[in-house]
Amino acid sequence: GEGRYPDIVADPVVSGTDLYTSGYFRPLVAIDLPSRNIRWRLDVGSANPIAIGDQDGASVIYHPGTDGKLRGVSALTGAELWVWDSGTRGALTTPVDTKAGLLVASSEGVVYLVDPTDGAEVWRWKESWQLQGVSSTPVIAGRQLLFVSNAGMLYSMIVPRPQAERERRG
């Protein structure tokens, strides 16, 4: 890593023959494992691992920045496809790819849902009195969202059942 805190703290992620890893402040690099060459690099950092998704048959990296920005990055070229700004300076958690979008949280206290195709914010939730940030990656269990706040509180949210299912159950 480079910068004020040069530590590589984000877990490396391997996809095919590429390894992706990031220093806290910078850089994010794609390393070709067979040749050990750096294929590309971006001057952005992360405290948490990236997530990898697919858009129209192409691999996309979802990079949770320590600058409060989530980036969609082409896995092949390293080109930024979109950047979403949380409006915080908190480190983002590893994005969780759900049917509704990318679920990500900030160490400064907000949980977000972001559209993986263009980086548009779909939803946000913040409880102002106890949350104190979220540094651990949220978990999805069926219709349930679970996450632990930096204040040590376990939160649980349930997605409502679809209307047709509610009507069948009476």
Side-chain angles (χ1 to χ4, degrees), residues 1-16 18-31 38-55 58-127 131-141 145-151 153-155 157:
E2 301 167 356
R4 182 174 177 194
Y5 300 106
D7 303 335
I8 297 176
V9 294
D11 295 337
V13 174
V14 173
S15 179
D18 292 323
L19 177 130
Y20 305 95
T21 194
S22 183
Y24 188 82
F25 282 116
R26 68 178 180 270
L28 166 64
V29 295
I31 300 170
I38 294 177
R39 288 196 324 104
W40 54 258
R41 74 177 262 147
L42 290 176
D43 283 333
V44 295
S46 180
N48 291 296
I50 60 151
I52 299 177
D54 181 87
Q55 287 183 14
S59 291
V60 176
I61 292 170
Y62 304 115
H63 178 264
T66 50
D67 59 359
K69 296 178 181 175
L70 180 64
R71 292 168 176 85
V73 177
S74 166
L76 181 62
T77 66
E80 285 186 355
L81 304 172
W82 52 259
V83 178
W84 170 79
D85 190 343
S86 69
T88 73
R89 293 192 174 270
L92 299 179
T93 62
T94 300
V96 178
D97 197 1
T98 72
K99 290 180 183 178
L102 297 170
L103 186 66
V104 66
S106 168
S107 62
E108 290 188 357
V110 180
V111 178
Y112 306 93
L113 189 65
V114 177
D115 186 323
T117 59
D118 61 7
E121 185 174 308
V122 176
W123 170 89
R124 75 168 56 199
W125 182 81
K126 179 179 183 180
E127 180 180 31
L131 195 58
Q132 296 182 4
V134 177
S135 297
S136 60
T137 301
V139 175
I140 301 294
L145 161 63
L146 299 152
F147 60 93
V148 177
S149 75
N150 292 346
M153 304 288 290
L154 175 62
Y155 288 84
M157 297 179 173

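Sequence positions, counted from 1, serve as the residue numbers for this chain.
- The shortest side-chain heavy-atom distance between Thr98 and Leu145 does not fall under the 4.5 Å cut-off.
- Side-chain atoms of Arg71 and Ile61, non-hydrogen and from C-beta on, never get closer than 4.5 Å to each other.
- Side chain of Ser135 to backbone of Ser107: no donor-acceptor contact under 3.5 angstrom is found.
- Residues Thr93 and Pro138 form a side-chain contact, since some pair of their non-hydrogen atoms from C-beta on lies under 4.5 Å apart.
- Surrounding CZ of Arg89 are at most 12 heavy atoms belonging to other residues, nucleotides or ligands under 6.0 Å away.
- Between atom CG of residue Asp97 and atom CG of residue Leu103 there is a gap of 10.0 Å, rounded to the nearest 0.5 Å.
- Between Glu80 atom CD and Leu42 atom CG the span is 6.0 Å, to the nearest 0.5 Å.
- Taking every heavy atom of both residues into account, Pro64 and Thr94 meet most closely at CG-CA, 4.2 Å.
- Thr117 approaches Gln55 most closely through the heavy-atom pair CA-NE2, 3.5 Å.
- When side chains are defined from C-beta on, Asn48 does not count as touching Leu92, because their heavy atoms never get closer than 4.5 Å.
- Checking side-chain atoms of Thr66 against main-chain N and O of Tyr24 turns up a donor-acceptor pair under 3.5 Å.
- Here the closest heavy-atom approach between residue Pro12 and residue Leu19 is recorded as CB-CD1, 3.9 Å.
- The shortest non-hydrogen separation linking Ala75 to Trp40 is O-NE1, 3.1 Å.
- For the pair Phe25/Asp43, no side-chain contact is recorded, criterion being any heavy-atom separation below 4.5 Å from C-beta on.
- Defined by atom type and a distance below 3.5 Å, a donor-acceptor pair is present between the side-chain atoms of Ser106 and Thr88.
- Legend: ring pair (Phe, Tyr, Trp, His ring centres under 6.0 Å) pairs involving residues 59-108, not counting sequence neighbours, sorted by first then second residue: Trp84-Tyr112.
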Quiz item: Step by step, would you call Val73 with Tyr20 a side-chain contact (heavy atoms from CB on, under 4.5 Å)?
Solution: CA-CA 12 Å; Val73 177; Tyr20 305 95; over 6 Å; no
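- Taking CZ of Arg124 as the start and CG of Leu113 as the end, the distance is 12.0 Å to the nearest 0.5 Å.
- Side-chain contact check for Pro95 versus Leu70: some heavy-atom pair is nearer than 4.5 Å.
- Lys69 contributes atom NZ, which lies 14.5 Å from atom OG of Ser46 (distance to the nearest 0.5 angstrom).
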